[in-house]
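Shown next, in structure tokens, is the structure this report addresses.
Naming: A, B, ... by sequence-line order, numbering from 1 per chain.
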Number of protein chains: 2
Amino acid sequence: MNNMCQRPFSTVLDQLRTAGLRPTRQRLALAKLLFNDRDRHISAEQLHGEALENNIRVSLATVYNTLHQFTEVGLLREITVDSGRSYFDTNTSDHHHFLFVDSGRLEDIPDEMMGAIALPTIPDGASIERIDVVVRLRR
Amino acid sequence: MNNMCQRPFSTVLDQLRTAGLRPTRQRLALAKLLFNDRDRHISAEQLHGEALENNIRVSLATVYNTLHQFTEVGLLREITVDSGRSYFDTNTSDHHHFLFVDSGRLEDIPDEMMGAIALPTIPDGASIERIDVVVRLRR
DNA sequence: GTGTTTGCAAAGTGTTTGCAATTTA
DNA sequence: TAAATTGCAAACACTTTGCAAACAC
């Protein structure tokens with residue numbers, strides 16, 4: 001698995017600064033929860049819950065704002081697998097996902113497990129923003 | 001493009017019957033809207049609107065029920081591209097999608113435009129239900 | 001100080017549900 | 001007539017918004 005999320009913390013600060021986002025208490029605390037660990041696929045509600053557990057006072061609205069701001073800045077990647085719920089992936093490198101349909105759990109596909117995908121021919125005038133591959137697994 | 005949706009109408013009736021779904025006025029009318037034409041990617045609200053335009057009295061709840069029942073029976077395939085909105089694809093064959101991110105429009109990728117995807121190695125005990133590929137396009 | 005960010009509660013979106021009335025076999 | 005289906009309105013889950021108070025620079 002590509003450990004792109006183990007960025008030095010200074011990078012987060014830099015990226016916030018570069019993007020003109022002030023390093024507020026809330027943003028820094030959420031960034032720590034998100035990036036200090038392994039790669040994560042986390043929803044806004046989950047992150048909010050985790051913040052509260054860690055005695056970080058932050059509102060759900062701020063968690064949403066922060067996740068979106070981080071996504072715009074390139075610190076996160078947003079993934080939607082099922083209707084009505086977004087996950088945010090701390091691994092922003094090119095990679096794909098396993099979705100365990102029974103549990104709803106989402107996991108990165110290690111590069112060794114997934115060969116390269118041949119790029120499709122695309123319509124005139126269009127350009128590829130990104131290719132999302134979700135391998136849906138049972139059992 | 002694989003025209004799997006041009007199934008004879010009798011097939012729809014058969015599949016409903018086989019599944020123990022009564023061919024009610026609403027189900028038949030919605031099936032006609034869905035399957036009489038080209039391949040479609042349609043949301044519940046869109047289909048409901050279309051039904052009303054065609055003077056088919058049907059509630060939005062019934063449209064939702066019907067779309068899900070058709071999906072269970074294998075007449076449709078459900079696709080979620082962005083948070084909070086499901087599309088139903090009348091093409092249930094193995095194929096992938098272009099998503100035009102500006103408009104939100106979803107389109108089948110013709111087989112000629114997309115090479116085969118190498119199946120990934122999957123975790124022990126799991127089996128692949130389906131692989132969703134969404135090529136996100138700009139402009 | 002000035003502009004940014006936050007928290008709250010309210011509004012919004014798409015979807016599902018409970019249940020009485022209706023329809024189908 | 002028994003079971004399935006429908007329509008309505010209310011409930012739902014998740015997300016976004018408006019705005020005054022708090023904060024960062």
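Nucleotide C:dT15 holds its P atom 10 Å from the CG atom of B:L67, rounded to whole Å. Between the CG atom of A:L13 and the C1' atom of D:dA24 there is a distance of 14 Å, rounded to whole Å. Between the C1' atom of D:dA4 and the CD atom of B:E72 lies a distance of 15 Å, rounded to the nearest Å. Separating the CG atom of B:L28 from the P atom of D:dT5 is a distance of 12 Å, rounded to the nearest angstrom. The CG-P distance, from B:N65 to D:dA4, rounds to 15 Å in whole Å. Put simply, CD on A:E78 is 8 Å from P on D:dT16, counting in whole angstrom units. Atom-to-atom, OH of B:Y87 to P of C:dT15 comes out at 9 Å; the value is rounded to the nearest Å. Atom CG of B:L30 and atom C1' of D:dT6 are 12 Å apart (whole Å).
Of the candidates C:dT15, C:dG14, D:dC14, D:dC14 carries the atom nearest the A:E45 side chain, counting heavy atoms from C-beta on.
Counting any heavy atom pair closer than 4.0 Å across all strands shown, B:H68 reaches sugar-phosphate atoms only and no base atom. Among the heavy atoms of the strands lying under 4.0 Å from B:S86 are primed sugar atoms or P, OP1, OP2 only; no base atom is included.
If you take CG on A:L47 and CZ on A:R40, they are separated by 7.5 Å, rounding to the nearest 0.5 Å. Here B:L76 contributes atom CG and B:F88 contributes atom CZ; the two are 7.0 Å apart, rounded to the nearest 0.5 Å. Interatomic distance, OG1 of A:T80 versus CG of B:D82, reported as 5.5 Å (0.5 Å rounding). The structure places NE2 of B:H95 at 7.0 Å from CG of B:D39, a figure rounded to the nearest 0.5 Å.
A close approach under 4.0 Å does occur between a side-chain nitrogen or oxygen of B:Y64 and OP1 or OP2 of C:dT15. Taking side-chain N and O atoms only, A:S59 has no distance below 4.0 Å to OP1 or OP2 of C:dT6.
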Which protein N or O atoms sit under 3.5 Å from an N or O of nucleotides 18-25 of chain C?
residue : atom : partner : partner atom : Å
C:dT24  : O2   : B:R22   : NH1          : 3.0

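A salt bridge does not link B:D102 to B:R139: none of the charged side-chain nitrogens sits closer than 4.0 Å to a carboxylate oxygen.
Side-chain contact, B:D132 with B:H97: no donor N or O sits under 3.5 Å from an acceptor N or O. For the 3.5 Å distance criterion, the side chains of A:H41 and A:N91 fail to qualify, holding no donor opposite an acceptor.
Atom CZ of A:R130 has more than 12 neighbouring heavy atoms from other residues, nucleotides or ligands inside a 6.0 Å radius. Within a 6.0 Å radius of CZ in A:R57, no more than 12 heavy atoms belonging to other residues, nucleotides or ligands are found.
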If pairs are Watson-Crick or G-U with both distances under 3.5 Å, what is the dot-bracket string of DNA chain D, marking crossing pairs with [ ] and pairs to another strand with |? |||||||||||||||||||||||||
